[in-house]
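Contents: one structure, followed by commentary.
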2 protein chains.
Amino acid sequence: MVNPLIRKLENFTRLSGQDKHLLSEFLHEGIRHLGPREDIIREGERPQSVNLVLSGWACRYKYLEDGRRQIIAFLVPGDLCDNNFFLLRQMDHSIGALTPISIAQIPRHRIEEVSLHHPRVAQALSWEALTSMAIQREWTVSLGQRDAQERLAHLLCELYLRLRAVGLTDGTSCELPLRQAELADALGLSTVHVNRTLQELRASQLIMLKGKTLTIPDLNALRSVAQFTPTYLHLEHEGRHLDANE
Amino acid sequence: MVNPLIRKLENFTRLSGQDKHLLSEFLHEGIRHLGPREDIIREGERPQSVNLVLSGWACRYKYLEDGRRQIIAFLVPGDLCDNNFFLLRQMDHSIGALTPISIAQIPRHRIEEVSLHHPRVAQALSWEALTSMAIQREWTVSLGQRDAQERLAHLLCELYLRLRAVGLTDGTSCELPLRQAELADALGLSTVHVNRTLQELRASQLIMLKGKTLTIPDLNALRSVAQFTPTYLHLEHEGRHLDANE
DNA sequence: CATCCACAATAACCCATGTTAAGGCAGCTT
DNA sequence: AAGCTGCCTTAACATGGGTTATTGTGGATG
C-alpha cells in the first residue's frame, strides 16, 4: 500500500524522491487501528500530533446539547485530520472512525521540521489544508442553498472525485461505507428523507448503490443534477486537466 | 487607527515590538478603498497577494447557476481574506464588499518572508487561518442542525464576539451593517423568514436592532437561545479566560 | 416639499422536509 | 432454525420555512 498522502499531494505538484521519502517516513512513527464509532480525537482534548488517514473512513462531527449531530466533514485515505491543530488549546470538535480505520500519528516536530526545511513539501501540505477549507465552504453552500436531491448528488460527486484522486475508484464505482443515518447527519436531512432521495436518484438511473458499493454510470448526468463544479477540489495543476469522466 | 490584524493576533499570543512592526508594514504596500457590492476578488481569478480588511465589512459568496446565492463567510476588520490562496490556480469563490471598505494588499513575498524568518508571526497567522476554518465548520453545524431562531442568534453572538476581539464593540452594542437579505443569504433562509425571526428575538428582548446598530442587552440569554459556545473562536490563550459578558 | 427608492414589515397560502410508526430483510448468534 | 439486531423501506400526517404580493417608512434627491 502506497502512502495515500503522497498520492494525493501529487495532484498538486510533482514531488522529488527525497520529498516522497520524507513523507513516507510519516508512517513509521506509530500507526493506530480503530474500529467504527471509536474516536480518533475528541472535542476538548489538546492535540499533540497530526493524524493521517491511511485506510478506512472517518468524520469530523459535533453534537449539540440535545443530541442533534452534524457531520462536518468526511475523511478518506490521504486526508490529514488535524494539521496544525496543535497550535490550538483544544479541539472544538471530535473526529471519529466510521469504518475500521488505520491512521498514522505524525508527531508535531516532524511537521514543523518539514515546514522549516522543505518548502516544497510545506507548500503541498498548505495546498491540502486549502482544499479542505474549500470543501468546507462548498458544504456551506450545499446546506444553505441546495435542496435534498442536489445536496445528495453533490456529495456523491465530491466523494467519488476525492476517492479517485487517491486511486480508490474502480471504473465508475467506489466504496461508500456510509449508513443512511450518517449521510443524513452530513446533509442536514432526516434519515427518512435521505432514503426517499436515494430512491429518486436510483429511479432516475443516476446512481446504483448496493451494499457499500456506489456506481455512478454517468458522472456528467449526476453532476448536472447537482450543479457540481469540481473547481473547488483544486485537483488540476498547471498543464494538467481533469476530465471528470475519465 | 491601529492595525486590526495586530489587535486580533494578540488574542492568540503576545507579540514583540519587532513582530508588530513587521505586521504594521503590511499596511504600507497598497491600500484599496471599495464601495458596497464591489468585488475584492472574483471567482476564477488567480490571487497574487493577500487582502487584509482594515475597516468595513466584506463577505465570501458564491452564486449557483440559477441565481441562488450563499454567503459563505463574513469578513470584518482584522480578517485576512485569502491567506495562502496564491498557491491555488484560481479562486473558487468571490469576495465582495458589503460596506465602504478599506483593505491592504499584502504581496505574496511579504507573507512568505514572514513565514520563513519569523516563526512566531507565522504561528499567529496559522492560528488566524485555523480559527477561520473553525468558524466555517460552525456555520456547517448551524446550517445543518439549527432552526432559524438558533441560527440567527448564533450568528449574532459570533459576530459580536469577533468584533469585540478587535475592539469594535461599545458596551453591549456593535455595528451590524447588514441588510436582511444578506443575513438571509448567509443563514440559508428567506428574507421574509429572517424578518419574522428578528421580530421574535426583539419580542423576547434578546436583541435590539435599530438602523445599523445591534444591542445585545444580555449576551448569556442570547447564547443560551443559540446554544452558543465560544470555544470555536479560540480567543482565550493560556492563563487568560474570556468572560462572555465582560 | 414632493417624489423616489431601497429596505423593512406583514399577510395568505403552499410545499419540502420532518416526525412517528410500522414493516421488511439480511446476517449473526445460540 | 428460531430469534435477534441493525439497517433499509414505506406510509400517513405535521410543520417550519418558502413564495408571492402588498403596504409601510425613512432617508436621499431634484
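Here is how names work: the chains are called A, B, and so on, in the same order as the sequence lines, proteins then strands, and each is numbered from 1.
Between A/L183 atom CG and C/dG18 atom P the separation is 13 Å, expressed in whole Å. Nucleotide C/dT10 holds its P atom 11 Å from the CG atom of B/L198, rounded to whole Å. Between B/K210 atom NZ and C/dA9 atom P there is a gap of 14 Å when expressed in whole angstrom units. One atom, CG of B/L98, and another, P of C/dA6, lie 18 Å apart when rounded to the nearest Å. Protein atom CG of A/L143 is 12 Å distant from nucleotide atom P of C/dT17, rounded to whole Å. In this entry the distance linking CD of B/Q199 with P of D/dG24 reads 16 Å, nearest Å. C/dG18 atom C1' lies 14 Å from atom CG of A/D185, rounded to whole Å. Between B/L152 atom CG and C/dA8 atom P the separation is 13 Å, expressed in whole Å.
A salt bridge is absent between A/E158 and A/R223; no separation between the charged side-chain nitrogens and carboxylate oxygens falls under 4.0 Å.
Contact check, B/N195 against C/dA9: a side-chain N or O comes under 4.0 Å of OP1 or OP2. Residue B/Q180 has no polar side-chain atom (N or O) positioned under 4.0 Å from OP1 or OP2 of C/dA6.
For the residue pair A/E43 and A/Y63, no side-chain donor N or O sits within less than 3.5 Å of a side-chain acceptor on the partner.
Of the candidates D/dT19, D/dC8, C/dT20, D/dC8 carries the atom nearest the A/R179 side chain, counting heavy atoms from C-beta on. Nearest nucleotide to the B/H193 side chain, out of D/dT9, C/dT17, D/dG18: D/dG18. Of the candidates D/dT9, D/dT19, C/dG18, D/dT9 carries the atom nearest the A/R202 side chain, counting heavy atoms from C-beta on. Taking every side-chain heavy atom of B/V192 into account, C/dT10 is the closest of C/dA9, C/dT10, C/dA21.
Taking only distance into account, the side chain of B/R196 never meets the base of D/dG16 through a donor-acceptor pair shorter than 3.5 Å.
Within 4.0 Å of A/G211, counting heavy atoms only, lies no atom of the nucleic acid at all. Nucleic acid contact for A/R37: sugar-phosphate only, since backbone atoms but no base atoms lie under 4.0 Å from a heavy atom of the residue. Within 4.0 Å (heavy atoms only), B/L189 reaches sugar-phosphate atoms of the nucleic acid but no base atom.
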Exercise for review: Would you check, one step at a time, whether the test side chain to side chain contact (heavy atoms under 4.5 Å, CB included) holds for B/W57 with B/I101?
Suggested key: CA-CA 6 Å; B/W57 286 46; B/I101 191 174; 6.0 Å; no
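Here the straight-line distance linking atom CD of B/E150 with atom OG of B/S224 works out to 10.5 Å at 0.5 Å rounding.
Taking the six-membered ring for Trp, B/F74 and B/W139 have ring centres closer than 6.0 Å.
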